[in-house]
**Q** 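Structure below; questions to follow.
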Amino acid sequence: MKEPAVSADPTQVLAFETDCHIFDGCGFPAPGLHSFLFKPLVGDGTSNVYFDKTMLLALLGSIIIIGFFWAAFRKPKVVPGKLQMVAEAGYDFVRRGIVYETIGKKEGEKYVPLVVSLFFFVWMMNLWSIIPVAQFPVTAIISYPAGLAAIVYILWVSLTFKRHGFVGAFKNFTGYDKSLGPVLPLAMFIEFFSNLLVRPFTHAVRLFANMFAGHTLLLLFTIASWYLLNGIGIAYAGVSFIMVIIMTAFELFIQALQAYVFVLLTCTFIQGALAEQH
């Protein structure tokens, strides 16, 4: 029996073996955790200082976003050109459709730059999944959503203390309501645990899990399309390839949706910090 290729180096990704097909005596090279590990481009991977593919994509994504908005607004016109019109549409969608609707125009205006930056950064990191050569969503690595969620968490907590003071922030985090009577201590404990521990965790994991699952499915059908290209399996390969197209279209929707959900929750947290009662 021919075995699927496995690298001795656990940081080296082998998506699938190019000469392995059904009926050739080799097993199906299913995607797994190894599909989310990359050999460092700089450094040997044995230390904490290295530079890999996901970092490169995050850097390129940041440059693309900055370059796009700089090119669109460096010479703004009263009658916008196509690039400026697209940039303005994206900016206004986040500002009016998310920030104003959640926080309000008066309180929310100062947070528009942050939320717009988060939206387009998350969306770009998700989009790498379907871009040729890159073909990997950066947000499928938990450290990136966790880092973004940590920024939002620090902002949310600091705003709560700044707006309400220590006692007011404590009531905000615990949902203090003396009308609850005897169950108040239990309710406060649950709210405190939910707000300060569960909420930032789910904020990061929601984005990570969706991108991780979507990329795994795309890999599964892509590898299956190649693996089935042999004999009668060609018919099944065609079906699998159709699923690749369908999943790619679906991923386009999910990528934008997850960027929207991430910043919507961000605005909800900010609004909760500014509100009189949580």
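Hydrogens, waters and symmetry mates play no part in the numbers below; they use all other heavy atoms, side chains included.
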**Q** Sub-3.5 Å donor-acceptor pair from the side chain of Lys171 to the main-chain atoms of Asp177, do we have one?
**A**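 Looks like no, no N/O pair under 3.5 Å.
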**Q** For residues Leu265 and Arg206, determine if any side-chain heavy atom of one lies less than 4.5 Å from a side-chain heavy atom of the other.
**A**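 Yes, side chains in contact.
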**Q** For Leu196 and Tyr153: C-alpha separation, side-chain torsions, deciding distance, then whether side-chain contact (heavy atoms from CB on, under 4.5 Å) applies.
**A** CA-CA 9 Å; Leu196 292 182; Tyr153 178 78; 3.9 Å; yes
**Q** Using 0.5 Å steps for rounding, measure from the CG atom of Leu118 to the CG atom of Leu148.
**A**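 That separation rounds to 6.0 Å.
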**Q** Applying side chain to side chain contact (heavy atoms under 4.5 Å, CB included), can you list everything that pairs with Ala87, at least two apart in sequence or on another chain?
**A**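 So Ala87 forms a side chain to side chain contact (heavy atoms under 4.5 Å, CB included) with Phe68, Phe69, Ala72, Phe73.
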**Q** Other hydrophobic cluster members with Ile245, side-chain heavy atoms of Ile/Leu/Val/Met/Phe/Trp/Tyr under 4.5 Å, chained?
**A**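 Joined to Ile245, directly or through intermediates: Phe241.
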**Q** Could you grab the distance from atom CZ of Phe36 to atom CG of Leu219, nearest 0.5 Å is fine?
**A**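 Taking CZ in Phe36 and CG in Leu219, the distance rounds to 6.5 Å.
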**Q** Return the OG1 to CE distance between Thr248 and Met243, rounded to the nearest 0.5 Å.
**A**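 Rounded to the nearest 0.5 Å, the OG1-CE separation comes out at 10.0 Å.
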**Q** Might you confirm whether atom CZ of Phe193 has over 12 heavy atoms from other residues, nucleotides or ligands at distances under 6.0 Å?
**A**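 No - once you tally the heavy atoms of other residues, nucleotides and ligands closer than 6.0 Å, there are 12 at most.
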**Q** To the nearest 0.5 Å, what is the distance between CE (Met211) and CD1 (Ile254)?
**A**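 Atom-to-atom, Met211:CE and Ile254:CD1 are 6.5 Å apart.
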**Q** What do the steps show when you test Arg163 against Asn172 for side-chain contact (heavy atoms from CB on, under 4.5 Å), and what is the final call?
**A** CA-CA 11 Å; Arg163 174 60 66 95; Asn172 188 288; over 6 Å; no
**Q** For the side chain of Thr174 and the backbone of Glu191, is there at least one donor-acceptor N/O pair under 3.5 Å apart?
**A**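 Such a contact is absent between Thr174 side chain and Glu191 backbone.
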**Q** Any heavy-atom pair between the side chains of Leu197 and Phe192 that's under 4.5 Å?
**A**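 They are not in contact (no side-chain heavy atoms under 4.5 Å apart), so the answer is no.
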**Q** Are the side chain of Ser240 and the backbone of Tyr236 linked by a donor-acceptor contact shorter than 3.5 Å?
**A**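 No, Ser240 side chain to Tyr236 backbone: no donor-acceptor pair under 3.5 Å.
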**Q** May I ask you to test the Met125-Thr54 pair for a side-chain heavy-atom distance under 4.5 Å?
**A**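 A side-chain contact under 4.5 Å is absent here.
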**Q** To check you understand the geometry: which heavy-atom pair defines the closest contact between Lys53 and Val133, and what is its length?
**A**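 Looking at all heavy atoms of both residues, the closest pair is NZ-O, 3.7 Å.
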**Q** Is any side-chain heavy atom of Thr216 closer than 4.5 Å to a side-chain heavy atom of Phe212?
**A**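 Thr216 reaches Phe212 side chain to side chain.
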**Q** Taking the six-membered ring for Trp and the single ring otherwise, decide whether the centroids of Phe208 and Phe262 are under 6.0 Å apart.
**A**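 Not close enough - the centres of the two rings lie 6.0 Å or further apart.
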**Q** Using the ring pair (Phe, Tyr, Trp, His ring centres under 6.0 Å) criterion, which residues pair with Tyr111? Sequence neighbours excluded.
**A**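 If we apply the ring pair (Phe, Tyr, Trp, His ring centres under 6.0 Å) test to Tyr111, skipping adjacent residues, there are no hits.
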**Q** Rounded at 0.5 Å granularity, tell me how far CG in Leu207 sits from OG1 in Thr202.
**A**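 Going from the CG atom of Leu207 to the OG1 atom of Thr202 covers 12.0 Å.
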**Q** How long is the gap from OG1 on Thr160 to CD1 on Ile270, to the nearest 0.5 Å?
**A**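 If I round to the nearest 0.5 Å, the distance is 10.0 Å.
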**Q** Centres of the Tyr176 and Phe170 rings: under 6.0 Å?
**A**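 Ring centres of Phe170 and Tyr176 not closer than 6.0 Å.
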**Q** Return the minimal non-hydrogen interatomic distance between Trp156 and Arg199, and the atom names on each side.
**A**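 The answer is CZ2-NH1, 3.4 Å.
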**Q** For residues Phe269 and His203, establish whether the separation of their ring centroids is below 6.0 Å.
**A**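 Distance test on ring centres: under 6.0 Å, yes.
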**Q** Can you check whether Phe161 reaches Phe173 side chain to side chain, under 4.5 Å on heavy atoms?
**A**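 With C-beta onward as the side chain, the pair touches.
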**Q** Before you tell me yes or no, could you show the steps for Tyr91 and Val112 under side-chain contact (heavy atoms from CB on, under 4.5 Å), namely the whole-Å CA-CA distance, both residues' side-chain angles and the distance that decides it to 0.1 Å?
**A** CA-CA 9 Å; Tyr91 186 88; Val112 170; 3.3 Å; yes
**Q** Is there side-chain contact between Val115 and Ile103, with heavy atoms separated by less than 4.5 Å?
**A**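 No, side chains not in contact.
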**Q** Please find the pair of heavy atoms, one from Pro200 and one from Ala149, that lie closest to each other, and give the distance.
**A**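 Taking Pro200 first and Ala149 second, the nearest heavy atoms are O-CB, 4.0 Å.
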**Q** Sort and list the pairs that fulfil side-chain hydrogen bond (donor to acceptor under 3.5 Å, both in side chains) and have at least one residue in residues 120-135, not counting sequence neighbours.
**A**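 Output for this query lists Asn126-Thr139.
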**Q** Do you reckon Met247 sits in the same ILVMFWY cluster as Ile131, going by side-chain contacts under 4.5 Å, direct or chained?
**A**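 In one cluster: yes.
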**Q** Please tell me if the side chains of Phe119 and Val99 come closer than 4.5 Å, counting only heavy atoms from C-beta onward.
**A**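 No - every pair of side-chain heavy atoms lies 4.5 Å or more apart.
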**Q** Shortest non-hydrogen contact from Pro113 to Glu109?
**A**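 The answer is CD-O, 3.9 Å.
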**Q** Identify the heavy atoms of Glu251 and Leu218 that sit nearest to each other, and give their distance.
**A**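 Taking every non-hydrogen atom into account, CG-CD1, 3.8 Å.
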**Q** If you compare all heavy atoms of Val122 against all heavy atoms of Ala259, which two are closest, and at what distance to 0.1 Å?
**A**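 Taking every non-hydrogen atom into account, CG1-CA, 3.8 Å.
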**Q** Does atom CG (Leu33) have a neighbourhood of more than 12 heavy atoms from anything else shown, all under 6.0 Å?
**A**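 Check fails, neighbour count at 12 or below.
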**Q** Determine whether Trp70 and Leu60 fall in the same hydrophobic cluster, where Ile, Leu, Val, Met, Phe, Trp and Tyr are linked whenever their side-chain heavy atoms lie under 4.5 Å apart.
**A**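 Different clusters: Trp70 never reaches Leu60 through Ile, Leu, Val, Met, Phe, Trp or Tyr contacts under 4.5 Å.
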**Q** Is it true that Leu252 and Phe250 fall in one hydrophobic cluster, defined by side-chain heavy atoms closer than 4.5 Å?
**A**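 Yes, it is one cluster - the side chains of Leu252 and Phe250 are joined through contacts under 4.5 Å.
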**Q** Applying salt bridge (Lys or Arg N to Asp or Glu O under 4.0 Å) as the test, list every pair that has at least one member in residues 123-144; sequence neighbours left out.
**A**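 Found none.
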**Q** Do Leu257 and Val116 share a hydrophobic cluster (ILVMFWY, side-chain heavy atoms under 4.5 Å, transitive)?
**A**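 They do share one cluster, since a chain of ILVMFWY contacts under 4.5 Å joins Leu257 to Val116.
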**Q** Heavy atoms, side chains only, cut-off 4.5 Å: are Phe120 and Ile66 in contact?
**A**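 Not in contact.
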**Q** Leu57 and Phe51: same hydrophobic cluster, using ILVMFWY side-chain contacts below 4.5 Å?
**A**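 Yes, Leu57 connects to Phe51 through the hydrophobic network.
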**Q** Return each pair, listed once, that meets salt bridge (Lys or Arg N to Asp or Glu O under 4.0 Å) where at least one residue sits in residues 77-105; pairs must be two or more places apart or across chains.
**A**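 Every salt bridge (Lys or Arg N to Asp or Glu O under 4.0 Å) pair that includes a residue of residues 77-105, provided the two are not neighbours, is Asp92-Arg95.
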